[in-house]
Number of protein chains: 2
Amino acid sequence: MRIKDEYSILKEHVKEKGLRITPQREVVLDAFLGTERHVDVESLYILVKKRDASISFATVYRTLKLLCECELAKELKFEGKITRYEHKYNHKHHDHLVCAQCGKIVEFHNDKIEEIQDKVARENNFKVLNHHLEINGICSSCRN
Amino acid sequence: MRIKDEYSILKEHVKEKGLRITPQREVVLDAFLGTERHVDVESLYILVKKRDASISFATVYRTLKLLCECELAKELKFEGKITRYEHKYNHKHHDHLVCAQCGKIVEFHNDKIEEIQDKVARENNFKVLNHHLEINGICSSCRN
DNA sequence: GTATCATTGAAATTGAAATTCAATAACGAT
DNA sequence: ATCGTTATTGAATTTCAATTTCAATGATAC
Ligand SMILES: [Mn+2]
Ligand SMILES: [Mn+2]
Ligand SMILES: [Zn+2]
Ligand SMILES: [Zn+2]
């Protein structure tokens, strides 16, 4: 019962907001959980269509917003790229290397960077909410 | 002759591209150099209008693109915010703390972070082109 | 069963940014 | 200084992602 937790989290969330679970929302959730890629709305829409061709673009958008609200999904805005989404539930915080040529995305995490960021924020009297670190470059395959 | 260098850089750049210096471009350059803020196009347009009310929005856009090409300006895309521009000539690389409440922008630079970023990129066989680090939080004034 | 109200898909709208186009003007050649 | 080529301009339009509107539908509580 792989989907159980995530499904419950969404169910809980919509209940709290006085909203409802619908077949369409279940399909979008399943489609989203079914890929480990950093999907954009268009790609997810295509995956959703395979399961139920009657579901609209607007519903995919609206459901993704719900998934972000309950932290099942995280919105990613890379420079000059359209918005993408990744799994957030059971996934640890990380930053990204992005290939400017082929679009390849590599995840990384570095405790030291995180630590220094906190220190910098503290020194400037900022209470940190979140941060965005994106390293753009050319991957090894694209350099050949 | 404060503007001399910057003006020459733009002049050089347009000549190289077979383009031309125009009064409008000079006005946009002057207006841009005249503020140390991280301006968006709208704000710069207002500053430009004070000097010459006949200059259009499109020209401000087009000139900013030129200024970025010759590295007099740098485009900044903060999460969920519209595009801003800052001086690049004679300014060292830095990252930003952004207040989510009042929009205040604080610049910082940390050698150690830069260094680790390079190391991470190297470990993943990426050749770094650039990076974007933005820390979002609440500034001290907004916490009172 | 009925009233209530969230949800849907399709279409329209928004907002930032880029582009089109005919008139104008920069600038190198003469 | 004049000319001819061709880049530039302002106004309007277009693009594109993202959001919103709206009438019809459907789920839930009583
Ligand atoms: Mn990721
Ligand atoms: Mn800055
Ligand atoms: Zn690549
Ligand atoms: Zn603030």
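Throughout, a chain's letter reflects where its sequence line sits, starting with A, and its residues are numbered from 1.
Between Lys74(A) and Glu86(A) there is no salt bridge, since no side-chain N of the basic residue sits under 4.0 Å from a carboxylate O of the acidic one. Under 4.0 Å is where a charged nitrogen must lie from a carboxylate oxygen, and between Glu115(A) and Lys112(A) at least one such pair does.
Rounded to whole angstrom, the span from the CD atom of Glu42(B) across to the P atom of dG15(C) amounts to 12 Å. Atom CG of Leu19(A) and atom P of dT28(D) are 12 Å apart (whole Å). Regarding Leu29(B), its CG atom lies at a distance of 17 Å from the C1' atom of dT8(D), rounded to whole Å. Atom CD1 in Ile55(B) sits roughly 14 Å away from atom C1' in dA25(C) (whole-Å rounding). Atom OH in Tyr45(B) sits about 14 Å away from atom P in dA16(C), given to the nearest Å. Rounded to an integer number of Å, the gap from Leu44(B) CG to dA17(C) P is 13 Å. Atom pair Arg20(B):CZ and dA29(C):P shows a separation of 12 Å (rounding to whole Å applied). One interatomic measurement links the two molecules: NZ of Lys11(A) to P of dT28(D), which rounds to 10 Å at whole-angstrom precision.
No contact: Pro23(A) has no heavy atom under 4.0 Å from any strand.
Ser8(B) and Asp5(B) share no side-chain donor-acceptor pair at under 3.5 Å.
Counting only residues at least two apart or in different chains, ring pair (Phe, Tyr, Trp, His ring centres under 6.0 Å) contacts with residues 60-81 of chain B comprise Phe57(B)-Tyr61(B), Phe78(B)-His96(B).
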Given salt bridge (charged side-chain N to carboxylate O under 4.0 Å, His left out), test Glu79(B) with Lys77(A) step by step and report yes or no. CA-CA 7 Å; Glu79(B) 297 247 82; Lys77(A) 299 190 174 199; over 6 Å; no

Check against side chain to side chain donor-acceptor pair (under 3.5 Å), Glu107(B) and His93(B): CA-CA 10 Å; Glu107(B) 303 183 337; His93(B) 165 75; over 6 Å; no

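Nearest to the side chain of Ser56(B), among dT28(D), dG10(D), dA26(C), sits dG10(D).
The distance from the CD1 atom of Ile135(B) to the CG atom of Asp95(B) is 8.0 Å, given to the nearest 0.5 Å.
Residues from residues 57-86 of chain A with heavy atoms under 4.0 angstrom of DNA chain D, sorted by number: Ala58(A), Tyr61(A), Arg62(A), Ile82(A), Thr83(A).
Between Arg25(A) and dT7(C) there is a side-chain polar atom (N or O) within less than 4.0 angstrom of OP1 or OP2. Considering only side-chain N and O atoms, Thr22(A) lies under 4.0 angstrom from the phosphate OP1 or OP2 of dT8(C).
Of the residues near DNA chain C, Ile21(A) and Gln24(B), the one whose nearest nucleotide (by heavy atom distance) lies more toward the 5' end is Ile21(A).
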